[in-house]
Amino acid sequence: YETLKSKKTKLVSWVYSWDNLYQSNIIKSSDLIFVWSDYFKKIAKKIHNIDHNKIKTLGPVQLDYLKTKIRISKKKKNYILFACSYGSDFKSTGDNFIKDEIEFLKILSEILKNFNSDLLILVRPYPSANPKSYNELKKINNIKIEEYGNLIKRGNKSSEKIRFERRLESKINQIINASIVISFGSTFNIEASYLNKIVFHINYSPIKS
């Protein structure tokens, strides 16, 4: 950044996802900062104390793929799509909310067995979650783990591995063909809402003995 400043090179910070604003994933020293909307402009100013004139709206670029023309493959809606919001606790921080998701899915599975035995729960793993984290769920007959990409390194200097969507067309069809979409708070909820799906945004608190 100092080199760029010394050369008087303009620096732009592009806030790609809505949740980056609520963390420190924003370059405050940038000459311009691009966010989704006027509402996020206010958030950036309030949380990060950024000059209002430096913030420009670009629209929700993260969701632009939903505007593309694709071949919709409509099928019988016989599954609930659960989009996971948490990865595995690789660093042993104790914030292992993936366990809460798994517990919720087990409860939901039991409810559905009594309500509609033909209804499947399709679980979409969190991008950075270890596949082994879902081993418990793989044993339940009305739950299916739907993988969508191999785990590869996020970047050359990163040890974290993450799934990348193979085909965005498949992702859209997965949402469209779901009866409902459930999540603890994934951006997936926004995408599903954009496609006019019924979305359950779950605030789950496990009962502890």
Side-chain angles (χ1 to χ4, degrees), residues 16-22 36-37 39-40 59-88 96-131 133-149 151 162-206:
Y16 178 74
S17 182
W18 64 272
D19 53 346
N20 295 147
L21 273 175
Y22 296 91
W36 281 18
S37 63
Y39 173 75
F40 286 139
V61 180
Q62 188 179 6
L63 307 180
D64 274 357
Y65 81 95
L66 296 171
K67 300 176 184 177
T68 58
K69 290 184 178 179
I70 66 161
R71 181 180 294 176
I72 302 298
S73 176
K74 289 193 176 181
K75 298 176 182 178
K76 186 181 177 182
K77 299 174 182 178
N78 61 344
Y79 65 87
I80 292 171
L81 180 58
F82 184 90
C84 295
S85 303
Y86 299 104
S88 305
N96 202 357
F97 297 112
I98 192 172
K99 290 182 179 179
D100 292 340
E101 288 185 321
I102 290 168
E103 189 62 30
F104 172 81
L105 285 164
K106 285 157 69 177
I107 294 169
L108 181 62
S109 166
E110 288 301 315
I111 292 170
L112 289 179
K113 284 177 183 177
N114 296 322
F115 172 68
N116 185 342
S117 58
D118 294 326
L119 196 57
L120 184 70
I121 304 169
L122 207 62
V123 177
R124 184 181 172 88
Y126 189 73
S128 63
N130 188 324
S133 297
Y134 303 106
N135 282 348
E136 251 186 293
L137 298 177
K138 291 174 183 176
K139 300 173 185 177
I140 302 174
N141 58 14
N142 65 343
I143 291 180
K144 181 185 177 185
I145 309 300
E146 186 76 358
E147 285 291 355
Y148 51 89
L151 282 168
I162 190 169
R163 295 169 180 80
F164 288 94
E165 186 71 46
R166 291 191 190 100
R167 296 175 65 231
L168 291 173
E169 183 176 302
S170 298
K171 182 180 182 181
I172 293 175
N173 278 299
Q174 188 182 63
I175 297 171
I176 288 172
N177 289 313
S179 299
I180 59 172
V181 176
I182 302 177
S183 173
F184 278 20
S186 169
T187 304
F188 211 88
N189 283 359
I190 302 173
E191 296 167 85
S193 298
Y194 189 97
L195 294 171
N196 295 318
K197 299 305 298 183
I198 297 172
V199 175
F200 287 177
H201 189 100
I202 303 296
N203 185 8
Y204 175 72
S205 297

Can you tell me how far CD1 of Ile143 sits from CD1 of Ile121, rounded to the nearest 0.5 angstrom?
4.5 Å

Roughly how far apart are Gln174 CD and Ile176 CD1, rounded to 0.5 Å?
11.0 Å

Determine whether a donor-acceptor pair (N or O, by modelled atom type, separation under 3.5 Å) exists between the side chain of Lys197 and the backbone of Val181.
no

Of all heavy-atom pairs linking Lys138 and Pro131, the shortest is NZ-O, 3.7 Å

How long is the span from the CD atom in Glu110 to the CG atom in Leu112, to the nearest 0.5 Å?
9.5 Å

Walk me through whether Lys99 and Glu136 qualify under salt bridge (Lys or Arg N to Asp or Glu O under 4.0 Å).
CA-CA 10 Å; Lys99 290 182 179 179; Glu136 251 186 293; over 6 Å; no

Do Leu120 and Asn78 have side chains that approach each other closer than 4.5 Å (heavy atoms only, starting at C-beta)?
no

Interatomic spacing from CG in Leu66 to NZ in Lys171 - rounded to 0.5 Å:
7.5 Å

Under 6.0 Å from the OH atom of Tyr65, do we count more than 12 heavy atoms belonging to anything else shown?
yes

Any donor-acceptor pair under 3.5 Å from Arg124 side chain to Glu146 backbone
no

Report yes if the side chains of Leu81 and Phe188 come closer than 4.5 Å at any heavy-atom pair, otherwise no.
yes

Applying side chain to side chain contact (heavy atoms under 4.5 Å, CB included), run through Asp100 and Tyr86 and close with a yes or a no.
CA-CA 9 Å; Asp100 292 340; Tyr86 299 104; over 6 Å; no

Considering all heavy atoms of both residues, which atom of Arg163 and which atom of Ala129 are nearest to each other, and what is their separation?
NH1-O, 2.7 Å

Using a 4.5 Å cut-off on heavy atoms from C-beta on, say whether the side chain of Tyr126 contacts that of Ser133.
no

Do the rings of Phe82 and Phe184 sit parallel, tilted or perpendicular, given the 30° and 60° boundaries?
perpendicular

Using side-chain heavy atoms (C-beta onward) and a distance below 4.5 Å, is Leu119 in contact with Asn142?
no

Taking the side chain as C-beta and beyond, is there a heavy-atom pair between Trp36 and Leu21 under 4.5 Å?
no

SG of Cys84 to CZ of Phe104, rounded to nearest 0.5 Å, is 11.0 Å

Around atom CZ of Phe200, are there more than 12 heavy atoms of other residues, nucleotides or ligands at under 6.0 Å?
no

Answer whether the closest heavy-atom distance between the side chains of Ile98 and Tyr134 falls below 4.5 Å.
yes

Could you report the tightest heavy-atom contact between Gly87 and Ser128, atom names first, then the distance?
CA-OG, 4.0 Å

Would you say the side-chain atoms of Ser85 pair up with the backbone N or O of Ser186, donor to acceptor, closer than 3.5 Å?
yes

For a 4.5 angstrom cut-off between non-hydrogen side-chain atoms, does Tyr148 reach Pro127?
yes

Exam field: side chain Ser183 to backbone Asn189, donor-acceptor pair closer than 3.5 Å:
no

Could you state the interatomic distance from CD (Glu165) to CZ (Arg167), rounded to the nearest 0.5 Å?
9.5 Å

Heavy atoms, side chains only, cut-off 4.5 Å: are Lys113 and Asn141 in contact?
yes

Atom CG of residue position Leu168 - does it have more than 12 heavy atoms of other residues, nucleotides or ligands inside 6.0 Å?
yes

